[in-house]
Visitor: 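Starting off with a structure, shown below.
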Amino acid sequence: MSVKEEILRVFENGRGEYFSGEQLAARLGVSRTAVWKAVKQLEEDGYHFDAVTGKGYSLSSGSDVISADGIKKYLGDCAGQCNIKTRKTVSSTNTLLKEMAAEGAAEWTVLVAAHQTAGKGRLNRRFHSPDGTGLYLSILLRPKMSASESLFITTAAAVAVARTVEEVSGRTAGIKWVNDVFMDGRKICGILTEASFDMESGGLEYAVCGIGVNICPPQDGFPEEIRETAGSVFAVPPDGDMKNRIAAGIIQKLTEYYTAFPAHGFLEEYQKRSVVVGKNITVIGKGEAREAIALAIDSDCRLIVRYTDGSEEALRSGEVSIRAESH
Ligand code: BTN
């Protein structure tokens with residue numbers, strides 16, 4: 001571990017505390033110049049320090065920088081099983097983690113980034129991933145389960161996100177089937193799980209569950225095409241260590257649900273959080289868009305819909321949009 005990483009660990013674990021250059025140098029067995037250089041490097045990385053004469057430096061509450069130690073601090077018991085890797089900018093955390101998976105990376109390798117230049121969404125869409133205002137993470141799983149069972153990974157992740165953002169913000173989070181998390185009618189998170197299958201056994205080789213959360217609005221606003229539909233967990237940049245907290249909350253809850261598979265204890269909560277059930281919707285399938293009412297989500301996580309002609313269908317995947325109520 002470099003001096004910079006060691007110093008960051010001390011500051012992350014002692015948020016709110018002050019450390020003098022002398023204390024840090026003695027604690028790490030390095031010179032005060034080395035400490036000073038490391039603090040400068042951390043400032044260049046985006047960390048902010050409060051300096052008080054006679055007390056030293058403290059990590060400022062406005063320092064919301066993603067770091068492995070910052071995430072592990074909140075992870076509790078599952079910190080040991082996770083290999084957290086953080087990057088400032090990547091093309092796509094899903095793409096990179098899939099490459100790492102193909103090279104043999106272990107289950108629970110987690111790649112977290114502050115910015116994606118080629119964030120991927122479902123249905124070959126792009127996921128807007130601006131620098132500094134979002135959290136983009138991908139989790140590598142190697143489930144010993146059938147492909148159909150592995151669909152529940154996304155469902156479990158949606159519940160993990162909804163719970164976490166609700167806990168940290170106090171705002172209610174809903175889930176729009178299949179895997180979007182909503183707050184006040186706007187999408188604040190999208191999830192894309194990509195899997196690789198073993199051609200011989202037909203089983204799953206790995207699954208990469210990618211989660212993108214809009215923490216606060218992008219500095220220059222959301223792009224035109226999502227301006228009416230996208231939202232964020234907070235209206236303004238939150239104080240404190242929010243991205244690390246949210247990342248840890250999601251990982252921790254997903255661990256809990258995933259280790260209980262094939263039990264789907266989270267499914268009831270997924271159903272309760274649905275913002276679609278009971279609504280008039282448009283089903284955007286392979287063919288033409290059809291109007292329907294969403295009746296329920298069943299135990300296989302299928303959306304049961306009734307079309308205007310009275311016929312019913314259980315949808316496994318696809319896309320629905322909620323129609324504005326007509327009065
Ligand atoms: C969607 O809304 O269609 C799914 C969006 C998934 C975005 C996340 S961000 C982290 C991970 N890396 C990606 O490129 N995509 C997922």
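As the structure lists them, so they are numbered: ligands from 1, and atoms in each ligand from 1. Start at 1 with the first residue, then count along the sequence. Note that the coordinates shown come from a computational prediction; the quantities given were computed from them, not determined experimentally.
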Visitor: Output yes when Arg290 and Asp309 qualify as a salt bridge under the 4.0 Å nitrogen-oxygen rule, no when they do not.
Guide: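 Salt bridge: yes.
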Visitor: Please list the nearest protein heavy atom to atom 2 (O) of ligand 1 with its residue and the distance rounded to 0.1 Å.
Guide: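 Here the nearest protein heavy atom works out to Lys187 NZ, 2.5 Å.
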Visitor: Nearest heavy atom to atom 14 (O) of ligand 1 wins, so pick from Arg122, Lys120, Arg126, His128.
Guide: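 Of the listed residues, Lys120 has the closest heavy atom.
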Visitor: Between Leu123 and ligand 1, find which residue part has any heavy-atom pair under 4.0 Å and reply side chain, backbone, both or neither.
Guide: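 For Leu123, there is no contact with ligand 1 at all, from either part.
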Visitor: Within a strict 4.5 Å, meaning less than it, do heavy atoms of the Cys82 and Ile251 side chains meet?
Guide: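 Yes, their side chains come closer than 4.5 Å.
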Visitor: Inspect the contact between Lys253 and Glu167 and indicate whether a charged nitrogen and a carboxylate oxygen are less than 4.0 angstrom apart.
Guide: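 Between Lys253 and Glu167 there is a salt bridge, with a charged N closer than 4.0 Å to a carboxylate O.
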Visitor: Considering distance alone, does some N or O of Tyr136 sit under 3.5 Å from an N or O of ligand 1?
Guide: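 Min N/O separation from ligand 1 is not below 3.5 Å for Tyr136.
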Visitor: Check contact between Arg125 and ligand 1, using heavy atoms of the residue and a distance below 4.0 angstrom.
Guide: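 Heavy atoms of Arg125 never come under 4.0 Å of ligand 1.
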Visitor: Can you sort out which atoms of ligand 1 are near Gly119, meaning under 4.0 Å from one of its heavy atoms?
Guide: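 Close to Gly119: 14 (O).
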Visitor: Look at the side chain of Asn280 and the backbone N and O of Arg323, then say whether any donor-acceptor pair between them is shorter than 3.5 Å.
Guide: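 Flag not set: sc Asn280 to bb Arg323 has no pair under 3.5 Å.
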Visitor: Considering heavy atoms of the protein only, find what lies nearest to atom 10 (C) of ligand 1 and give residue, atom and distance to 0.1 Å.
Guide: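 Protein heavy atom with the smallest distance to atom 10 (C) of ligand 1: Thr93 OG1, 3.2 Å.
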Visitor: Does the side chain of Arg186 come within less than 4.5 Å of Phe222's, by heavy atoms?
Guide: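 No; the side chains remain at least 4.5 Å from each other.
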Visitor: Looking only at protein heavy atoms, identify the closest one to atom 9 (S) of ligand 1 and say how far it is in Å.
Guide: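 Nearest neighbour among protein heavy atoms for atom 9 (S) of ligand 1, to 0.1 Å: Gln116 NE2, 3.4 Å.
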Visitor: I need the atoms of ligand 1 closer than 4.0 Å to a non-hydrogen atom of Gly121, numbered in the order shown.
Guide: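 Atoms satisfying the 4.0 Å criterion: 1 (C), 3 (O), 4 (C), 5 (C).
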Visitor: Which value, rounded to the nearest 0.5 Å, describes the distance between Ile175 atom CD1 and Tyr270 atom OH?
Guide: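 Going from CD1 on Ile175 over to OH on Tyr270, the span is 6.0 Å.
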Visitor: Do Arg171 and Asp184 make a side-chain contact, defined as non-hydrogen atoms from C-beta onward lying under 4.5 Å apart?
Guide: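 In contact.
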Visitor: Identify, for atom 8 (C) of ligand 1, the protein heavy atom at the shortest distance, and state residue, atom and that distance.
Guide: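 In this structure, atom 8 (C) of ligand 1 has Gly212 N, 3.6 Å as its nearest protein heavy atom.
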Visitor: To check your reading of the model: name the closest protein heavy atom to atom 5 (C) of ligand 1, its residue, and the distance in Å.
Guide: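 Result: Phe127 CD1, 3.4 Å.
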Visitor: Suppose I only count heavy atoms of Leu137 and a 4.0 Å limit; which atoms of ligand 1 are within that range?
Guide: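 This gives 10 (C) as the contact atoms.
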Visitor: With heavy atoms under 4.0 Å as the rule, classify the contact between Ile191 and ligand 1 as side chain, backbone, both or neither.
Guide: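 The answer is the backbone.
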Visitor: Between Asn179 and Ala158 (side chain of the first, backbone of the second, donor and acceptor by atom type, cut-off under 3.5 Å), is there such a pair?
Guide: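 Checking the backbone N and O of Ala158 against the side chain of Asn179, no donor-acceptor pair under 3.5 Å is found.
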Visitor: Any idea which atoms of ligand 1 are less than 4.0 Å away from a heavy-atom of Ser138?
Guide: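 In order of number, 11 (C).
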Visitor: Salt bridge check: are Glu12 and Arg9 linked by an N-O gap of less than 4.0 Å?
Guide: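 Not counted as a salt bridge, because no side-chain N and carboxylate O are separated by less than 4.0 Å.
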